[in-house]
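First comes the structure, then the notes that go with it.
Both ligands and their constituent atoms are indexed starting at 1 by order of listing.
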Amino acid sequence: MRVTRAVYPGSFDPPTNGHLDVIERAARCFGEVIVAVVVNPQKRSPMFSLEEREAMLRSSVAAIPNVRVEHFRGLLADYVKAESADVIVKGLRVVSDFESEMSAAMMNRSLSDVDTLFLMSDQRYSFVSSSLVKEVFFLGGEVAALVPEPVLRMMTEKRTTLQRR
Ligand code: PNS
């Protein structure tokens, strides 16, 4: 019997504990979870390279056997079809996330006939986003409780590199 394959897409610039929480929940629900890093995020150019984002994720999910980290270009709907995935998984932190996610889900379904299933992240992470984590960290704030340990290490390296410039 074929296992249910889910794709969890995102920019992961950088991955947070909220992302990891959704990945862990998805890994319990589905046979296989592909964490799919978008090569070129729509919002703005990423602070972390594709290689850095993938490396941070791989280290963070190393202990979860049915999760693998890949990347994709172009339409998510095309990637999901190419991977023969059954569902897209997205995390919801707060109700307002649902507004944009609902139209994305319907667009992806109209493009590839694949459904999006939503998992509520733990309420501890309801205020955690990659952009806020970056802003706080690079202005000297404490984010150790908000990101996986390998991410904190990579962020610290990045801050040191940027400060040397
Ligand atoms: O972590 P993010 O930035 O919220 O992730 C957004 C992502 C990568 C899921 C979304 O931008 C996406 O699916 N990009 C691929 C291009 C695409 O398919 N666009 C139409 C989406 S309905």
Exercise for review: Output yes when a protein non-hydrogen atom is found under 4.0 Å of atom 15 (C) of ligand 1, and no otherwise.
Suggested key: yes
Exercise for review: Please confirm whether Phe72 comes under 4.0 Å of ligand 1, counting heavy atoms of the residue only.
Suggested key: yes
Point to revise | Salt-bridge contact Asp21-Arg124 (side-chain N to carboxylate O under 4.0 Å) | key: no
Review point. Any protein heavy atom lying closer than 4.0 Å to atom 7 (C) of ligand 1?
Key: no
Point to revise | Test of ring centre spacing under 6.0 Å for Phe48 and Phe12 | key: no
Revision key, fill the gap. The closest protein heavy-atom partner of atom 5 (O) of ligand 1 is Gly10 CA, 3.5 Å
**Study point:** Gln123, CD: over 12 other non-hydrogen atoms inside 6.0 angstrom
**Key:** no
Study note, to complete from the structure: Counting heavy atoms under 4.0 Å, the part of Val38 that contacts ligand 1 is side chain
Practice item. Any side chain to side chain donor-acceptor pair (under 3.5 Å) involving residues 69-82? Give me the pairs, sequence neighbours left out, ordered by first then second residue. Key: Glu54-His71, Arg68-Glu70
Exercise for review: Run the numbers for me: atoms of ligand 1, each under 4.0 Å from some heavy atom of Ala104, listed by number.
Suggested key: 22 (S)
**Study point:** Per-atom contacts of ligand 1 with Ser11, taking only distances under 4.0 Å to non-hydrogen atoms
**Key:** 1 (O), 2 (P), 3 (O), 5 (O)
Revision key, fill the gap. Taking only non-hydrogen atoms of Met107 and a 4.0 Å limit, the atoms of ligand 1 in range are 22 (S)
Review point. Considering only heavy atoms, which of Val39, Leu75, Asp78 lies nearest to atom 17 (C) of ligand 1?
Key: Leu75
Review point. Is it true that Gly74 lies under 4.0 Å from ligand 1, counting heavy atoms only?
Key: yes
Review point. Would Glu157 and Arg153 pass as an ion pair if we require N to O under 4.0 Å?
Key: no
